[in-house]
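The residues of the chain are indexed from 1 along the displayed sequence. Source: prediction; values computed, not measured. Side chains included, hydrogens not; waters and symmetry mates left out as well; all remaining heavy atoms used.
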Amino acid sequence: MSNILVVGSNGQLGREFQAISKNNKFFEFKFVDVDQLDITSSEEVIQFFVDHTFDYCINCAAFTAVDKSEEEKEFSFKVNIFGVRNLAKACARKSVKFIHISTDFVFDGNQSKPYRESDKTNPINVYGLGKMRGEKEALLNCTDTLVVRTSWLYSSFGGNFVKTMLNLAQRKKEINVVADQIGTPTYAHDLAKALLKIISSEKFYPGIYHYSNEGVASWYDFSKAIFEILGSNIKVKPINSIQYPTPAKRPHFSVLDKSKIKDRYRIEIPHWRESLNSCL
């Protein structure tokens, strides 16, 4: 039975792991969030790993407020770079396999075909820059590291685009949604299951992997699908990013190529509409 530490357990992905753990016979989980473990404190992380024994550490912790990162750059970097470094070093010392969650925002979005793991990173906002540097810290400080980039994460837990749309549907008759940013929604439950399948395989191939649901969508397509499944009559109007300015720039195209993770770990990935239907 693998002993798994899940860091950032109160976020969307962390709470999906918590839900899965309730009907699980194959893994022993330890769930911690910032109240139990401040990953930005190297001393605290070192002591935590001295006091506990794990086979795997899954890092779901991150400062994910993309726009807020522009004004809170120092804190964003503290969590997304230095917190990752602390965990990676602790994992290396105790021979723990490290799984670190990253993002499509490490890319600039100027490509027109799905991004492969080997494609050049070039983040266009503070959040993406911090996550890119966090990936490097993870891989540099722990040789047994698996970095998994994902995109447009949503869940029945926490705050996310789906929850925002559900809320708007109760209050408005018409909304505007950006139609010129293209990517793939990812159901956090699917990602959690995929990571546990990797652990179950007992074949740990370090490196960078991409995981999102199958298919391609704009935020406009995504919102339309949400309301179609719900049977909502809310009117959705497509707009361009320039009509909805935000403090942080977003990539216009961030579809991820999942061939590597599918081939290496024999993972079957559902289409995003199928997973959205399951979530709702």
Side-chain angles (χ1 to χ4, degrees), residues 1-9 11-29 31 54-62 64 91 96-106 114-117 131 134-135 138-139 144-158 160 162 183-217 222 254-280:
M1 181 179 285
S2 294
N3 199 321
I4 303 170
L5 170 66
V6 178
V7 182
S9 61
Q12 294 183 83
L13 185 56
R15 289 178 70 182
E16 290 289 358
F17 278 118
Q18 289 191 57
I20 289 171
S21 73
K22 291 171 184 173
N23 297 307
N24 148 77
K25 299 175 183 176
F26 305 104
F27 308 105
E28 189 72 37
F29 288 95
F31 295 103
F54 307 106
D55 300 302
Y56 294 86
C57 170
I58 304 176
N59 181 31
C60 308
T64 57
C91 285
V96 176
K97 291 178 172 63
F98 187 37
I99 299 176
H100 172 61
I101 309 303
S102 191
T103 173
D104 58 323
F105 275 33
V106 299
Y115 281 96
R116 300 178 69 90
E117 291 82 354
K131 293 296 286 183
E135 290 182 0
L139 294 164
D144 271 339
T145 289
L146 204 144
V147 170
V148 180
R149 294 176 181 147
T150 191
S151 64
W152 298 20
L153 203 66
Y154 70 92
S155 167
S156 55
F157 303 109
N160 53 66
V162 173
T184 308
T186 305
Y187 184 22
H189 184 75
D190 292 340
L191 175 55
K193 287 197 300 182
L195 295 178
L196 292 178
K197 182 169 184 182
I198 289 171
I199 292 172
S200 298
S201 74
E202 297 183 351
K203 295 175 182 176
F204 198 82
Y205 304 108
I208 300 173
Y209 295 82
H210 288 170
Y211 183 96
S212 67
N213 282 116
E214 296 285 19
V216 176
F222 192 19
S254 61
V255 178
L256 300 174
D257 185 308
K258 281 86 66 175
S259 302
K260 184 177 175 182
I261 200 168
K262 288 192 290 187
D263 293 345
R264 190 156 285 182
Y265 288 106
R266 299 288 180 260
I267 289 173
E268 294 184 12
I269 304 177
H271 190 275
W272 68 265
R273 286 188 70 106
E274 179 187 334
S275 293
L276 175 62
N277 193 66
S278 297
C279 179
L280 290 174

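Of all heavy-atom pairs spanning Val147 and Ser102, the tightest one is CG1-CB, 3.9 Å. When all heavy atoms are compared, the tightest approach of Val6 to Cys60 is CG1-SG, 4.0 Å. A pairwise comparison of heavy atoms in Ala217 and Trp152 identifies O-CH2, 3.4 Å as the closest pair. Minimum interatomic distance between His271 and Gly215 (heavy atoms only, all atoms of both residues): NE2-CA, 3.7 Å. Nearest heavy-atom pair, Lys258 versus Ser212, reported as atom, atom and distance to 0.1 Å: NZ-OG, 3.0 Å. Across all non-hydrogen atoms, the minimal contact from Ser21 to Phe29 is CB-CD1, 3.5 Å.
Judged by distance alone, the side chain of Lys131 and the main-chain N or O of Ile101 form a donor-acceptor pair under 3.5 Å. Side-chain atoms of Ser275 never come within 3.5 Å of backbone atoms of Trp272 as a donor-acceptor pair (strictly under, hydrogens ignored). A donor-acceptor pair under 3.5 Å is absent between the side-chain atoms of Asn3 and the main chain of Asp55, judged by distance alone. A donor-acceptor contact shorter than 3.5 Å links the side chain of Gln12 to the backbone of Ser155. Although no hydrogens or angles enter the test, the distance criterion places no donor-acceptor pair under 3.5 Å between the side chain of Asp104 and the main chain of Ser151. In this structure, Lys25 contributes its side chain and Asn23 its backbone to no donor-acceptor pair below 3.5 Å. Under the 3.5 Å distance criterion, the side-chain polar atoms of Thr150 are matched with a main-chain donor or acceptor of Tyr211. Side-chain atoms of Lys260 never come within 3.5 Å of backbone atoms of His210 as a donor-acceptor pair (strictly under, hydrogens ignored).
A side-chain contact (heavy atoms from CB on, under 4.5 Å) with Cys91 holds for exactly one of Val96, Ile99, Thr145, Asn59; it is Val96.
Listed by first then second residue, pairs satisfying salt bridge (Lys or Arg N to Asp or Glu O under 4.0 Å) with a partner in residues 183-192 number zero, not counting sequence neighbours.
In this structure, Asn213 and Pro185 have side chains that are not in contact, with every pair of non-hydrogen atoms separated by 4.5 Å or more. When side chains are defined from C-beta on, Phe27 counts as touching Ser200, because their heavy atoms get closer than 4.5 Å. Side-chain contact between Leu153 and Asn160: absent, with no pair of heavy atoms (C-beta onward) separated by less than 4.5 Å. Residues Leu276 and Phe222 have side chains in contact (heavy-atom distance under 4.5 Å, counting atoms from C-beta outward). Side-chain contact between Ile208 and Val148 is absent, with no heavy-atom pair separated by less than 4.5 Å. Residues Leu191 and Leu13 have side chains in contact (heavy-atom distance under 4.5 Å, counting atoms from C-beta outward). In this structure the side chain of Asp144 reaches within 4.5 angstrom of the side chain of Pro206, judged on heavy atoms. In this structure, the side chains of Ile4 and Glu28 stay at 4.5 Å or more apart for every pair of heavy atoms.
Atom OG of Ser259 and atom CD1 of Ile261 lie 11.0 Å apart (nearest 0.5 Å). Here CD1 of Ile20 is found 7.5 Å from NZ of Lys193. Values are rounded to the nearest 0.5 Å. Distance check: Phe54 CZ to Phe98 CZ gives 13.0 Å after rounding to the nearest 0.5 Å. Atom CZ of residue Arg264 and atom NZ of residue Lys262 lie 15.0 Å apart, to the nearest 0.5 angstrom. Here Glu135 contributes atom CD and Thr103 contributes atom OG1; the two are 8.5 Å apart, rounded to the nearest 0.5 Å.
Taking the six-membered ring for Trp, Tyr205 and Tyr265 have ring centres closer than 6.0 Å. Ring centers of Tyr187 and Tyr154: under 6.0 Å apart, within the cut-off.
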- Message: Run the side-chain contact (heavy atoms from CB on, under 4.5 Å) test on Leu195 and Phe17 for me, step by step, so that the C-alpha distance in whole Å, both residues' side-chain angles and the decisive distance to 0.1 Å come before the verdict.
- Response: CA-CA 10 Å; Leu195 295 178; Phe17 278 118; 3.8 Å; yes
- Message: Is there a side-chain contact (heavy atoms from CB on, under 4.5 Å) between Ser2 and Phe26? Walk through the geometry before answering.
- Response: CA-CA 7 Å; Ser2 294; Phe26 305 104; over 6 Å; no
- Query: Between Ser9 and Gln18, does a side-chain contact (heavy atoms from CB on, under 4.5 Å) hold up when you go through it step by step?
  - Reply: CA-CA 7 Å; Ser9 61; Gln18 289 191 57; 3.8 Å; yes
- Message: Please evaluate residues Arg149 and Tyr115 with respect to the criterion side chain to side chain donor-acceptor pair (under 3.5 Å), reporting the C-alpha separation (whole Å), side-chain torsions for both, the decisive distance (0.1 Å), and the verdict.
- Response: CA-CA 11 Å; Arg149 294 176 181 147; Tyr115 281 96; over 6 Å; no
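Ion pair Glu202/Lys97 not flagged as a salt bridge, since none of the NZ, NE, NH1 or NH2 atoms sits closer than 4.0 Å to an Asp/Glu carboxylate oxygen.
Between the side chains of His189 and Glu16, at least one donor N or O sits under 3.5 Å from an acceptor N or O.
At most 12 non-hydrogen atoms from other residues, nucleotides or ligands lie less than 6.0 angstrom from CZ of Arg116.
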